[in-house]
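Data first, discussion second: the structure below is written as structure tokens.
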Amino acid sequence: MRLSDYFLPTLKENPSEAQIVSHRLMLRAGMVRQSSAGIYSWLPMGLRVLRKVEGIVRDEMDAAGCQEILMPAIQPAELWQESGRYEDYGKEMLRITDRHERAMLFGPTHEEVVTDIFRSSVRSYRDLPKNLYQIQWKFRDEVRPRFGVMRGREFFMKDNYSFDLDYAGALRSYNRMFVAYLRTFARLGLTPIPMQADSGAIGGDLSHEFIVLAETGESAVYCDRAWLETDPLELEIDYDADLQPIVDRWTQLYAATDDKHDPATCKVAPDRLFEGRGIEVGHIFYFGTKYSASMGAVVRDENGKDTAVEMGSYGIGVSRLVGAIIEASHDDAGIVWPEAVAPFRVGMINLRSGDEACDRACEALYGALAQADVAVLYDDRDERAGVKFAEMDLIGLPWQIVVGPRGVKTGSVELKERGSGEREELSSEAVLARLT
RNA sequence: CGGAGUGUAGCUCAGCCUGGUAGAGCACCGUCUUCGGGAGGCGGGGGUCGGUGGUUCGAAUCCACUCACUCCGACCA
């Protein structure tokens with residue numbers, strides 16, 4: 001992509017409404033624009049990242065045996081009246097009336113809809129287990145949206161729902177999600193820490209929230225240092241096998257947020273205790289028959305008896321993750337994208353657009369990289385070098401290629417790694433070899 | 001929902017206290033010089049000062065109401 005063609009409205013200064021670093025950088029790097037409180041438009045650069053995150057989440061869900069569906073954003077109130085949550089959910093639910101004066105709502109979550117789908121379609125225990133997911137926009141009319149996309153009212157979420165015959169089956173589903181979540185966040189370049197959680201309004205008795213470390217995160221985190229030394233990706237996972245030992249290994253390590261942490265009773269030795277900050281990006285719940293019982297989602301078991309299915313629900317804040325990744329990975333100059341989610345892998349700066357030798361070197365390299373399927377953003381604009389450097393650092397692409405008159409004379413270009421800041425003078429061929 | 005702020009050019013902000021014909025920097029357009037880390041000169045365009053009402057000869061400025069946004073707290077992916 002040529003930057004001269006790209007819609008990338010960057011800002012030199014911090015917009016006054018943005019207080020936290022990810023919000024500032026997302027606005028400055030031309031990723032999003034606010035529409036109203038907690039509601040954002042995603043511009044090309046932001047959307048590319050959102051899609052990358054979505055893709056990794058989808059990939060891990062599929063690997064864990066879940067099947068993607070897409071439910072309506074607008075739901076009928078009757079379903080929520082059945083489950084009993086229509087009143088309970090309160091003002092956070094955006095309620096809508098259609099032209100026939102029928103009560104509708106913009107879905108804040110989809111337990112009711114998915115349970116309705118399940119009960120109307122599944123009759124036998126032989127059809128279990130099932131685990132259905134969707135990645136879709138949700139709306140929760142938060143009293144106080146803030147922190148940009150980190151706590152918006154409209155947000156992009158992956159939510160899935162497991163259906164099992166009994167508790168043992170539900171636990172297997174829960175464990176699959178537990179492991180899949182750790183893998184997902186690790187693949188996004190984050191350090192996830194699962195914490196035992198209250199199951200809150202969703203109900204049930206088994207729940208973990210997943211917090212990713214970021215110095216600017218809103219919750220304080222206390223955990224065993226062993227968390228930081230464990231890589232969820234190093235294990236080969238067979239989702240059909242018994243995952244309990246893996247989950248046990250993870251859950252026996254101490255981890256707590258500040259409201260649960262008590263220095264007096266904490267058993268971790270002080271030198272093994274990590275104190276940091278983090279952002280909640282996922283939450284998993286087992287809630288048994290809370291919805292299946294109230295909404296009549298039953299299957300015939302092997303004795304010919306109707307039995308309410310055991311359910312769990314699992315959520316990942318996809319749009320929040322974009323902010324969380326920035327919180328976890330940035331410096332004074334701007335964003336530092338992990339390769340897995342970078343909107344483009346490479347940014348190429350032509351320091352002297354219009355100079356024949358520079359243009360020729362850039363075009364050749366640009367063509368070769370495109371040929372090799374490397375996503376490149378080529379800054380071919382007639383701008384000063386300083387502007388190009390500053391903007392390239394701001395948008396945080398993992399690799400920068402700098403082509404200037406000085407190097408072109410000797411047949412070399414500069415390759416800079418955004419994260420470390422390390423630069424090397426190389427030939428175009430060597431750069432190409434390095435990036436492909 | 002309780003508390004606290006802020007709304008003036010695309011962005012960051014000054015002017016408001018003490019009423020008297022709307023300002024700066026950046027951005028944008030033209031032009032010249034410059035050209036390896038957000039350049040400089042000259043010229044130019046752009047604002048019903050969030051909205052409504054009031055006080056006044058006169059309101060960005062004072063008063064009332066209202067809307068929007070932000071921050072702190074309780075809640076949440």
Side-chain angles (χ1 to χ4, degrees), chain A residues 9-20 23-24 27-28 30 33-39 53 57 89-93 107-110 135-160 181 184-185 197-202 207-212 218-219 259 279-285 313-324 332-334 349-355 358 379 381-394 400 402-409 412-414 416 421 423 425:
Chain A
T10 57
L11 302 173
K12 194 165 160 182
E13 288 171 288
N14 285 320
S16 55
E17 77 270 15
Q19 298 300 318
I20 64 157
H23 191 195
R24 285 179 184 168
L27 290 168
R28 288 190 52 205
R33 284 295 182 263
Q34 182 165 353
S35 172
S36 61
I39 301 179
V53 174
V57 169
Y89 217 92
K91 289 189 167 176
E92 281 211 354
M93 187 153 74
T109 179
H110 282 71
I135 302 175
Q136 189 222 32
W137 292 94
K138 300 275 191 278
F139 194 93
R140 292 183 194 171
D141 200 359
E142 296 273 348
V143 206
R144 191 184 157 209
R146 61 189 126 164
F147 305 145
V149 301
M150 300 262 283
R151 186 173 309 166
R153 292 194 291 171
E154 186 177 85
F155 58 100
F156 203 43
M157 182 181 182
K158 187 284 305 173
D159 47 318
N160 63 308
Y181 272 36
T184 301
F185 300 129
D198 295 326
S199 41
I202 296 194
S207 175
H208 283 88
E209 57 184 37
F210 292 77
I211 294 197
V212 294
E218 38 174 345
S219 22
D259 50 325
I279 299 161
E280 186 188 343
V281 291
H283 206 149
I284 62 178
F285 302 91
S313 77
Y314 316 86
I316 289 179
V318 177
S319 46
R320 172 181 285 189
L321 270 169
V322 175
D332 289 344
I349 293 176
N350 184 342
L351 282 183
R352 194 75 62 83
S353 293
D355 175 272
C358 286
D379 192 348
R381 297 171 306 165
D382 181 21
E383 283 287 353
R384 298 177 58 79
V387 172
K388 294 189 174 190
F389 285 129
E391 288 197 0
M392 199 56 85
D393 282 348
L394 173 65
Q400 296 176 8
V402 181
V403 179
R406 221 164 58 194
V408 163
K409 273 190 201 134
S412 73
V413 300
E414 185 179 289
K416 173 178 151 185
R423 304 150 195 244
E425 294 278 335

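Residue numbering restarts at 1 for every chain, and letters A, B, ... go by the order of the sequence lines.
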| said: What is the distance, to the nearest angstrom, from the NZ atom on A/Lys12 to the C1' atom on B/G37? | reply: 12 Å
| field | Side chain A/Glu17 and base B/G7 donor-acceptor under 3.5 Å | value | no
| Sugar-phosphate only, base, or nothing, as touched by A/Asp159 at under 4.0 Å among non-hydrogen atoms | nothing
| field | Any donor-acceptor N or O pair under 3.5 Å, side chains A/Ser353, A/Lys388 | value | yes
| request: Please evaluate the base of B/G2 for a donor-acceptor partner in the side chain of A/Arg144 within a cut-off of under 3.5 Å? | output: no
| task | Report the residue from A/Arg146, A/Arg151, A/Glu280 that forms a side-chain contact (heavy atoms from CB on, under 4.5 Å) with A/Glu218. | result | A/Arg151
| Could you state the CD-P distance from A/Glu142 to B/C1, rounded to the nearest angstrom? | 14 Å
Dump the pairs, protein N or O against N or O of nucleotides 33-35 of chain B, anything under 3.5 Å, distances to one decimal.
residue, atom, partner, partner atom, Å
B/U34, O2, A/Arg384, NH1, 2.8
B/C35, O2', A/Arg352, NE, 3.0
B/C35, O2', A/Arg352, NH2, 2.9

| remark: Here the distance between atom C1' of B/A68 and atom CD1 of A/Ile39, to the nearest Å, is 13 Å
| request: Send over the distance from A/Gln400 CD to B/G37 C1', rounded to a whole Å. | output: 11 Å
| said: Please name the nucleotide paired to B/C28 by Watson-Crick or G-U wobble geometry with both distances under 3.5 Å, or report none. | reply: B/G44
| request: Please check if the side chain of A/Ser207 supplies one atom and the backbone of A/Phe285 the other of a donor-acceptor pair under 3.5 Å. | output: no
| Taking the C1' atom of each, how far is B/U6 from B/U12, in whole Å? | 14 Å
| query | Can you tell me if A/Gln136 and A/Asp159 form a side-chain donor-acceptor pair at under 3.5 Å? | reply | no
| request: Ignoring backbone atoms, establish whether A/Lys91 has a side-chain N or O less than 4.0 Å from OP1 or OP2 of B/C1. | output: yes
| query | Does the ring of A/Phe155 lie flat against the base of B/A77, closer than 5.5 Å centre to centre with planes under 30°? | reply | yes
| task | Taking atom P in both B/A68 and B/C26, compute the distance separating them and give it to the nearest angstrom. | result | 35 Å
| message | Taking any heavy-atom pair under 4.0 Å as a contact, classify A/Lys138: base, sugar-phosphate, or nothing. | response | nothing
| request: Among the candidates B/A77, B/C71, B/G25, find the nucleotide nearest to the side-chain atoms of A/Glu13. | output: B/G25
| query | Is a donor on one side and an acceptor on the other found under 3.5 Å between the side chain of A/Glu142 and the backbone of A/Phe139? | reply | no
| request: Give a yes or no on whether a donor-acceptor pair under 3.5 Å exists between the nucleobase atoms of B/C11, that is its base, and the side chain of A/Arg28. | output: no
| request: Using whole Å, report how far CG of A/Asp141 lies from C1' of B/A77. | output: 16 Å
| Can you check whether A/Val149 reaches A/Arg320 side chain to side chain, under 4.5 Å on heavy atoms? | no
| message | Counting only side-chain heavy atoms from C-beta out, which of B/A74, B/G37, B/A77 sits nearest to A/Lys416? | response | B/G37
| task | Taking only the side-chain heavy atoms of A/Val387 (C-beta and beyond), determine which of B/A39, B/A74, B/C76 contains the nearest atom. | result | B/A39
| Mind checking the C1' distance from B/A14 to B/A24? Whole angstroms is fine. | 7 Å
| query | Whole-Å distance between B/C76 P and A/His208 NE2? | reply | 17 Å
| Pairwise P distance for B/U34 and B/G40, with rounding to whole Å | 16 Å
| field | Side chain of A/Phe147 (C-beta onward), nearest among B/C1, B/A77, B/C71 | value | B/C71
| remark: Regarding the side chain of A/Glu391, the nearest nucleotide among B/G36, B/G38, B/C72 is B/G38
| remark: In whole angstroms, the gap separating C1' of B/C76 from CE of A/Met157 amounts to 10 Å
| task | Say whether, by atom type as modelled, one donor and one acceptor occur between the side chain of A/Arg140 and the main chain of A/Met93 under 3.5 angstrom. | result | no
| request: Could you measure between the two P atoms, the one in B/G58 and the one in B/C42, and give it in whole Å? | output: 41 Å
| field | Interatomic distance at P, B/G19 relative to B/G10, whole Å | value | 29 Å
| Taking any strand in view, what nucleotide pairs with B/A74 in a Watson-Crick or G-U wobble way, both distances under 3.5 Å? | none
| task | Hunt down the Watson-Crick or G-U wobble partner of B/U21, both distances under 3.5 Å, from any strand shown, or write none. | result | none
| Watson-Crick or G-U wobble mate for B/G37, both contacts under 3.5 Å | none
| Counting side-chain heavy atoms from CB outward, which of B/A77, B/C11, B/C71 is closest to A/Pro15? | B/C11
| A/Arg28 (side chain) donor-acceptor with A/Leu394 (main chain) under 3.5 angstrom | no
| task | Could you measure between the two P atoms, the one in B/C65 and the one in B/C57, and give it in whole Å? | result | 24 Å
| For A/Arg423 and A/Ala18, take the nucleotide of RNA chain B holding the closest heavy atom to each; which residue's nucleotide lies nearer the 5' end? | A/Arg423
| Test item: A/Tyr181 side-chain N/O and A/Gly315 main-chain N/O as donor-acceptor pair under 3.5 Å | yes
| field | Pairing nucleotide - B/A59, Watson-Crick or G-U, each distance under 3.5 Å | value | none
| With both distances under 3.5 Å as the test, what is the Watson-Crick or G-U wobble partner of B/U6? | B/A68
| query | Out of B/C76, B/G38, B/U70, which nucleotide sits closest to the side chain of A/Ala390? | reply | B/G38
| task | Could you say whether A/Phe156 or A/Glu425 is positioned toward the 5' end of RNA chain B, judged by the nucleotide with the nearest heavy atom to each? | result | A/Glu425
| Pair assignment for B/C16, Watson-Crick or G-U wobble, requiring both distances under 3.5 Å | none
| task | Check the distance between B/U70's P and A/Arg146's CZ and give it to me in whole angstrom. | result | 11 Å
